[in-house]
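Reading through the structure tokens given below for one structure.
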There are 2 protein chains.
Amino acid sequence: MRVTITDIAKRAKVSPSTVSRVIADNPRISAATKEKVLRIMKEMNYHPNIIARSLVNQTTKIIGVVMPGMAEQSLQHPFYPELLGGIASMANNQGYKILLANVSTVDEEREMVKELTFGGITEGIILLTSRDDNPTVDQLVKNGFPFVVIGRTENPYVNWVDNDNFLIGYQLATHFIEQGHQEIAFLGYSPGYMVTRDRLNGYKKALQEHNIPFDPALVIESKFISDNGYDLMKQILVKEKRPTGVIACDDLLAFGAIRAIHEAGLRVPEDIAVAGINNVPLADYYNPPLTSVKINAFSLGTKAFEMLRTIMGSEIQSYNRAIIPAELVVRSSTQR
Amino acid sequence: MRVTITDIAKRAKVSPSTVSRVIADNPRISAATKEKVLRIMKEMNYHPNIIARSLVNQTTKIIGVVMPGMAEQSLQHPFYPELLGGIASMANNQGYKILLANVSTVDEEREMVKELTFGGITEGIILLTSRDDNPTVDQLVKNGFPFVVIGRTENPYVNWVDNDNFLIGYQLATHFIEQGHQEIAFLGYSPGYMVTRDRLNGYKKALQEHNIPFDPALVIESKFISDNGYDLMKQILVKEKRPTGVIACDDLLAFGAIRAIHEAGLRVPEDIAVAGINNVPLADYYNPPLTSVKINAFSLGTKAFEMLRTIMGSEIQSYNRAIIPAELVVRSSTQR
DNA sequence: TATAAGCGGACAAACGTTTGCATTGAGGGT
DNA sequence: ACCCTCAATGCAAACGTTTGTCCGCTTATA
């Protein structure tokens with residue numbers, strides 16, 4: 001049997017309310033009794049029951065983090081844990097805990113979000129998603145629960161945090177063009193994901209600014225992160241018009257692509273230059289070291305939490321967006 | 001204002017207890033009222049308050065997962081998220097949620113665990129640790145809270161799940177020896193971590209069985225995962241007696257080592273064979289593809305949860321251990 | 001017909017807190 | 001000596017559930 005506030009009260013010969021006020025450090029309690037109660041609390045190894053406390057003051061100090069398909073390969077990507085780390089570190093600082101919900105299907109996601117919003121256990125939600133047709137988001141908007149999405153969302157009523165993926169695509173393409181490339185493949189476009197769409201658009205913009213015609217044949221679609229770049233790159237290498245540069249939507253894709261290029265007897269960057277996105281730890285150690293874009297996932301996480309706190313704490317409705325700067329990291333894989 | 005069970009009761013002209021029993025699908029409620037109440041619940045968009053429920057029946061369906069230094073680089077390692085995914089998927093199936101606690105310091109860990117155990121919010125804890133002098137573990141043992149550690153622990157009163165790291169070291173070394181190697185370096189030994197100690201011992205055993213003298217100079221210490229293998233490998237390459245094989249305690253270390261070897265103008269595996277541990281996704285795509293050991297982190301997670309459930313559900317005290325088999329994956333980096 | 005049995009539902013206590021308000025007692029001003 | 005004030009503490013309601021017990025009604029049994 002756990003020791004409760006009344007046990008303390010009895011032992012200290014005061015009322016439970018007094019004990020409660022001691023815990024809250026209420027100034028109306030005299031120093032003498034405060035000290036006595038505290039001593040007894042130590043003696044009996046008392047710890048307040050968070051559930052009971054939550055019930056009365058309707059606040060749990062818990063936020064929910066909903067991630068898609070943790071069971072799948074996607075979570076093996078270093079991006080997720082770094083993001084999670086950002087959220088967690090900020091949350092910790094402010095005395096919040098994180099309820100982690102991993103969902104595999106859309107239905108599961110909807111059900112989980114429903115439970116988290118109405119169950120009274122979380123005060124706010126951070127949702128990881130980059131698919132743009134997300135019914136969960138609409139649902140959250142509808143019932144006015146505080147939430148922040150990581151990943152740009154077109155629904156105007158949502159608060160989100162993201163990198164500027166358009167700019168990322170633009171900067172990468174510009175970098176290639178400045179290095180003298182004209183035929184630049186775009187690897188890993190995935191129509192359902194806004195991330196890749198934005199990046200592709202940025203890429204197009206850069207081409208346009210330099211009067212390079214856009215060639216749809218150079219865009220290779222894939223199921224976002226999961227597909228491996230090796231196979232995708234092979235698709236490119238068999239084409240008659242071989243590109244001299246490859247922008248991959250993810251470093252892992254880029255690694256696969258480089259391997260395919262090597263196998264074809266070509267060199268990186270001399271024959272084909274390759275860049276990835278996300279700047280995974282290995283990018284720097286790969287052979288050749290891979291040009292990439294540092295996404296600052298950790299900051300993405302801290303910012304998301306900060307935004308969520310703002311929303312939860314404020315009476316006035318508002319819709320916020322935050323852009324976390326990404327930075328191009330040029331390495332040998334794109335430098336002659 | 002959230003809609004409560006009494007709101008439903010009023011509207012349905014029944015008592016709150018009846019509504020509660022409808023939710024619990026209690027057979028004492030007639031089909032007619034059950035149907036009526038359910039309809040009204042839908043209409044009013046009712047969802048039970050989990051906090052209140054938890055308070056009365058002393059069960060939250062939440063388990064805590066305590067990870068060290070999420071804020072640090074360690075969590076970027078694919079191992080953690082895969083493990084987390086295993087825990088989460090199993091937890092989800094059984095209607096449990098996960099409270100994620102990331103702690104940066106030992107003090108923080110102790111404080112967090114105290115809160116989780118006494119706060120009444122979690123029913124059990126999974127602790128990730130591989131340091132063997134862990135005061136948190138002793139604390140948990142002392143107050144009899146159900147918990148499982150991921151990582152072998154010497155304290156006899158703890159339940160744990162782990163790979164057989166001794167066997168992993170043994171198998172890797174044997175593999176090298178069978179390939180004709182005699183001078184095999186061991187990269188990434190970290191005295192504070194049982195996992196690397198076990199692996200080193202397995203390695204020694206294999207040497208001994210083949211009458212190869214153990215040479216301490218071939219063991220390169222490092223701060224577990226964080227150090228990069230590139231620098232460590234350089235330390236080896238300057239030595240007069242160059243090994244022909246390298247066992248790295250982690251794939252990331254191995255990648256760095258390979259890079260250093262290449263830079264020194266040597267080839268893998270012809271001049272020096274290299275193997276890692278953990279079998280990260282990239283191991284298969286690296287150049288050359290890296291021999292590694294599949295750790296099955298996902299199973300580690302599911303098993304840990306399963307064990308925790310067993311402990312929580314059982315009255316009788318018992319101390320359980322589980323070994324998740326690891327499997328050697330031989331690739332070109334160690335094959336002539 | 002009287003009564004036991006059984007069904008469906010209501011009542012109220014309990015879970016461990018917090019908090020507005022009431023109560024008590026001491027001290028000070030008149 | 002009286003009242004007022006104020007400080008320190010106690011009382012009890014409330015948060016939203018669950019659940020043991022009791023009650024009234026119907027139906028079957030003797």
Side-chain angles (χ1 to χ4, degrees), chain A residues 1-41 44-62 95 115-123, chain B residues 1-41 44-62 95 115-123:
Chain A
M1 184 60 83
R2 195 172 269 134
V3 36
T4 77
I5 216 171
T6 33
D7 297 330
I8 304 292
K10 270 182 207 141
R11 185 81 163 274
K13 300 203 190 309
V14 295
S15 80
S17 45
T18 300
V19 178
S20 173
R21 287 188 239 265
V22 168
I23 295 169
D25 202 27
N26 189 312
R28 299 180 48 177
I29 304 296
S30 74
T33 51
K34 186 174 289 187
E35 194 260 351
K36 178 175 64 179
V37 170
L38 283 175
R39 184 172 46 75
I40 296 189
M41 276 172 38
M44 302 184 68
N45 194 27
Y46 169 79
H47 289 266
N49 183 314
I50 303 191
I51 301 285
R53 175 179 294 174
S54 297
L55 184 59
V56 39
N57 53 227
Q58 308 281 35
T59 160
T60 59
K61 291 289 209 171
I62 294 179
E115 224 176 307
L116 291 183
T117 51
F118 293 113
I121 207 163
T122 60
E123 299 179 24
Chain B
M1 184 58 86
R2 195 173 270 134
V3 35
T4 76
I5 216 171
T6 33
D7 297 329
I8 304 292
K10 268 184 209 140
R11 186 80 163 275
K13 299 202 189 311
V14 296
S15 82
S17 47
T18 300
V19 177
S20 174
R21 286 189 235 266
V22 168
I23 295 170
D25 202 26
N26 189 310
R28 295 182 48 177
I29 305 296
S30 71
T33 52
K34 186 174 289 185
E35 194 261 351
K36 177 173 66 178
V37 170
L38 283 175
R39 183 171 48 74
I40 296 190
M41 277 172 37
M44 301 185 68
N45 194 27
Y46 168 79
H47 289 266
N49 183 314
I50 302 191
I51 301 287
R53 174 178 294 174
S54 297
L55 185 59
V56 40
N57 53 226
Q58 307 281 34
T59 161
T60 60
K61 291 290 210 171
I62 294 179
E115 225 177 305
L116 291 184
T117 51
F118 293 112
I121 208 165
T122 60
E123 299 178 24

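On a predicted model such as this, the values are computed, not experimentally measured, just so you know. The chains referred to below are lettered A, B, ... by the order of the sequence lines, with proteins before strands, and numbering in each begins at 1.
For the pair B/D25 CG and C/dG8 P, the computed distance is 13 Å after rounding to whole Å. Taking atom CZ of residue A/F118 and atom C1' of nucleotide D/dG16, one finds them 16 Å apart after rounding to whole Å.
Note on B/Q58: a side-chain N or O is less than 4.0 Å away from OP1 or OP2 of C/dG16. Within the 4.0 Å cut-off from OP1 or OP2 of C/dG16, not a single side-chain nitrogen or oxygen of A/Y46 is found.
Note on A/T4: only backbone sugar-phosphate atoms sit closer than 4.0 angstrom, heavy atoms only; bases stay farther off.
When the side chain to side chain contact (heavy atoms under 4.5 Å, CB included) test is applied to B/I50, the partners found at least two apart in sequence or on another chain are A/E115, A/I121, B/S54. Under the ring pair (Phe, Tyr, Trp, His ring centres under 6.0 Å) criterion, B/F118 pairs with A/H47, not counting sequence neighbours. By the side-chain hydrogen bond (donor to acceptor under 3.5 Å, both in side chains) test, B/T18 is found to be paired with B/S15, residues two or more places apart in sequence or in another chain being considered. Remark: A/L55 engages B/I51, B/A52, B/L55 in a side chain to side chain contact (heavy atoms under 4.5 Å, CB included) (not counting sequence neighbours). When the side-chain hydrogen bond (donor to acceptor under 3.5 Å, both in side chains) test is applied to B/T60, no partner is found at least two apart in sequence or on another chain. Applying the side-chain hydrogen bond (donor to acceptor under 3.5 Å, both in side chains) test to B/T33 and every residue at least two apart in sequence or in another chain returns B/S30.
Contacts between residues 48-55 of chain A and DNA chain D, counted as heavy-atom distances below 4.0 Å, involve A/L55.
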Give each protein N/O atom lying under 3.5 Å from an N/O atom of nucleotides 7-12 of chain D, with the pair distance.
unit_1	atom_1	unit_2	atom_2	d
D/dT9	OP1	A/S30	OG	3.4
D/dT9	OP1	A/T33	OG1	3.4
D/dT9	OP2	A/S30	N	2.9
D/dT9	OP2	A/S30	OG	3.2
D/dT9	OP2	A/T33	OG1	3.0
D/dT9	O4	A/R28	NH2	2.2
D/dG10	OP2	A/S15	N	2.7
D/dG10	OP2	A/S15	OG	3.3
D/dG10	OP2	A/T18	OG1	2.5
D/dG10	O6	A/R21	NH2	2.4
D/dC11	N4	A/S17	OG	3.0

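Within the structure, salt bridge (charged side-chain N to carboxylate O under 4.0 Å, His left out) contacts touching residues 8-25 of chain B (residues at least two apart or in different chains) are B/R11-B/E43, B/D25-B/K34.
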